[in-house]
Amino acid sequence: MRAMSLAGAAPRRKQSPVITASEPTGPDRGERPAALLAWYDRHRRILPWRPPAGVPADPYAVWLSEIMLQQTTVRAVGPYFEKFMARWPSVKALGAASLDDVLRMWAGLGYYSRARNLHACAVAVTRNHGGAFPDTEQGLRALPGVGPYTAAAIAAIAFGRQTMPVDGNIERVVSRLHAVEEELPKAKPRIQELAATLLGPERAGDSAQALMDLGATICTPKKPACALCPFNDGCVARLRGDAETFPRKAPKKTGALRRGAAFVVTRGDQLLLRSRAAKGLLGGMTEVPNSDWLADQDDAVARAQAPALKGVTRWQRKAGVVTHVFTHFPLELVVYTTQAPAGTRAPAGMRWAEVATLADEALPNLMRKVIAHALD
DNA sequence: TACTCGTGGTT
DNA sequence: TAACCAAGAGT
């Protein structure tokens with residue numbers, strides 16, 4: 001352990017007493033896994049789902065965190081992970097919960113198919129595996145919501161399997177280390193292969209988490225802190241001086257603006273809500289009635305999709321619009337409000353909910369914006 | 001392969 | 001400010 005503590009400071013090549021300025025001074029290829037782990041032992045992040053060094057990880061906590069972290073920042077996940085662990089401390093507990101409860105707890109975190117698959121996975125592990133996660137990559141891969149990355153991550157981190165998960169961080173680190181010119185996603189197989197060479201003979205999970213921490217804190221997308229990197233001058237992209245340009249990837253096109261209308265109906269202290277279709281955009285989540293969302297949507301056409309309510313003929317249009325940006329398109333919603341008389345029946349498929357308890361509803365943030373705008 | 005699928009923070 | 005990015009999966 002004592003020797004390891006020095007590895008973060010750029011180990012020198014053993015066979016070359018004479019080192020020129022341009023010669024690589026980073027660890028030799030074969031020494032990289034050890035240098036990486038030594039760096040990790042000194043600089044690993046403290047995270048809610050990560051036990052203290054040397055303490056085995058709880059597969060349930062690893063799985064839950066990995067699902068939440070898909071395309072989601074560590075900061076955003078933190079409170080959700082704590083909430084879920086407190087309410088459902090085991091996969092069996094989560095498997096016994098209702099999908100509705102899971103969606104309510106997940107509301108605001110985005111990518112709601114993850115929550116549906118999370119629940120389905122908990123049920124499957126409880127029913128088909130006796131509440132114990134499969135301990136192989138192949139077994140994990142068969143579970144809902146568990147793809148190639150997550151299966152490898154759980155196998156390595158929770159079960160010590162010799163496999164290297166490749167996420168966005170690792171793609172960036174590895175593509176820079178080897179200056180991989182091929183564009184993503186075509187370069188994935190090559191990057192997977194190169195990433196696997198960074199696995200130490202033991203501590204596979206730590207190797208993976210080390211690369212992720214390195215990508216998140218040192219080998220960042222913009223202005224990487226190369227001087228602090230354990231790979232040092234062994235990094236080809238750094239030697240070329242264009243580390244920031246990796247990984248190569250085709251620019252993505254932005255979607256066209258879509259427009260629509262949302263209808264906020266109050267009845268005393270209550271509000272009219274309904275549920276969205278089980279799958280697709282915001283699948284299974286709660287919403288206020290609203291129109292189609294279409295590019296070049298005409299305001300009058302959208303307005304005409306207001307719910308039919310007995311005794312309601314007048315709608316007030318709120319000034320301004322609610323804007324929201326989805327991954328593949330931006331959205332602008334015009335908001336109409338009305339006050340329904342006491343006793344007004346909710347249309348088929350809709351229900352009245354107390355405004356005071358809206359926090360407990362499975363409302364995606366878009367809908368929270370709409371309601372806040374309407375009641376403002 | 002190329003879309004779909006949320007949200008918030010950075011640059 | 002527009003673009004990019006974050007421990008990707010499903011179709």
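Quick note on labels: first sequence line is chain A, next is B, and so on, each numbered from 1. Nothing here was measured: the structure is a model prediction, and the numbers come from that model.
- Between R172(A) and dA6(C), a side-chain N or O to OP1/OP2 separation shorter than 4.0 Å is present.
- Here P185(A) lies out of heavy-atom contact (under 4.0 Å) with every strand.
- Linking Ile, Leu, Val, Met, Phe, Trp and Tyr residues whenever their side-chain heavy atoms come within less than 4.5 Å leaves V123(A) and V146(A) in two separate clusters.
- With distances taken from any side-chain atom of P364(A) to the nucleotides dA7(C), dA3(C), dT7(B), the minimum falls on dT7(B).
- With distances taken from any side-chain atom of K249(A) to the nucleotides dT7(B), dA7(C), dC5(C), the minimum falls on dC5(C).
- Defined by atom type and a distance below 3.5 Å, a donor-acceptor pair is missing between the side-chain atoms of R141(A) and Q138(A).
- Across all strands, L47(A) comes closer than 4.0 Å to base atoms (heavy-atom distances).
- At a threshold of 4.0 angstrom between heavy atoms, the contacts of G283(A) with the nucleic acid are absent.
- Contact annotation: K253(A) reaches the phosphate of dC3(B) (side-chain N/O to OP1 or OP2, under 4.0 Å).
- Applying the 4.0 Å criterion to OP1 and OP2 of dA7(C), one finds that T72(A) has every side-chain N and O outside that range.
- Distances from the side chain of L366(A) to the nucleotides dT10(B), dA7(C), dT7(B) place dT7(B) closest.
- Among the heavy atoms of the strands, none lies under 4.0 Å from S65(A).
- Listed candidates were dA7(C), dG6(B), dA9(C). Nearest to the side chain of P148(A) is dA9(C).
- Among the heavy atoms of the strands, none lies under 4.0 Å from R116(A).
- Salt-bridge annotation for R303(A) and D299(A): absent, with no side-chain N of the basic residue lying under 4.0 Å from a carboxylate O of the acidic one.
- Taking side-chain N and O atoms only, N365(A) has no distance below 4.0 Å to OP1 or OP2 of dG6(B).
- For H328(A) and dC5(B), the shortest distance from a side-chain N or O to OP1 or OP2 is below 4.0 Å.
- Counted by atom type alone, Q70(A) and T150(A) present one or more donor-acceptor pairs between their side chains at under 3.5 Å.
- Position along DNA chain C of the nearest nucleotide to V146(A) versus K222(A) favours K222(A) as the more 5'-ward residue.
- Nucleotides dA2(B) and dA7(C), compared at atom C1', are 23 Å apart to the nearest Å.
- Picking from dG9(B), dG6(B), dA7(C) the nucleotide with the shortest atom distance to the side chain of R75(A) gives dG9(B).
- Contact annotation: Q71(A) reaches the phosphate of dG8(C) (side-chain N/O to OP1 or OP2, under 4.0 Å).
- Candidate nucleotides dG6(B), dA6(C), dG10(C) were compared by shortest atom distance to the side chain of P221(A), and dA6(C) ranks first.
- R276(A) has a carboxylate O that lies under 4.0 Å from a charged side-chain N of E287(A), or vice versa, which qualifies the two as a salt bridge.
- Residue Y111(A) places no side-chain N or O under 4.0 Å from the OP1 or OP2 atom of dA6(C).
- OP1 or OP2 of dT7(B) sits under 4.0 Å from a side-chain N or O of H324(A).
- Straight-line distance between the P atoms of dC4(C) and dC3(B): roughly 15 Å, to the nearest whole Å.
- Within the nucleic acid shown, W49(A) comes within 4.0 Å of at least one base atom, counting heavy atoms only.
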Walk me through whether W106(A) and Y80(A) qualify under ring pair (Phe, Tyr, Trp, His ring centres under 6.0 Å).
CA-CA 7 Å; W106(A) 194 279; Y80(A) 283 87; 7.2 Å; no
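- Counting any heavy atom pair closer than 4.0 Å across all strands shown, I170(A) reaches no nucleic acid atom.
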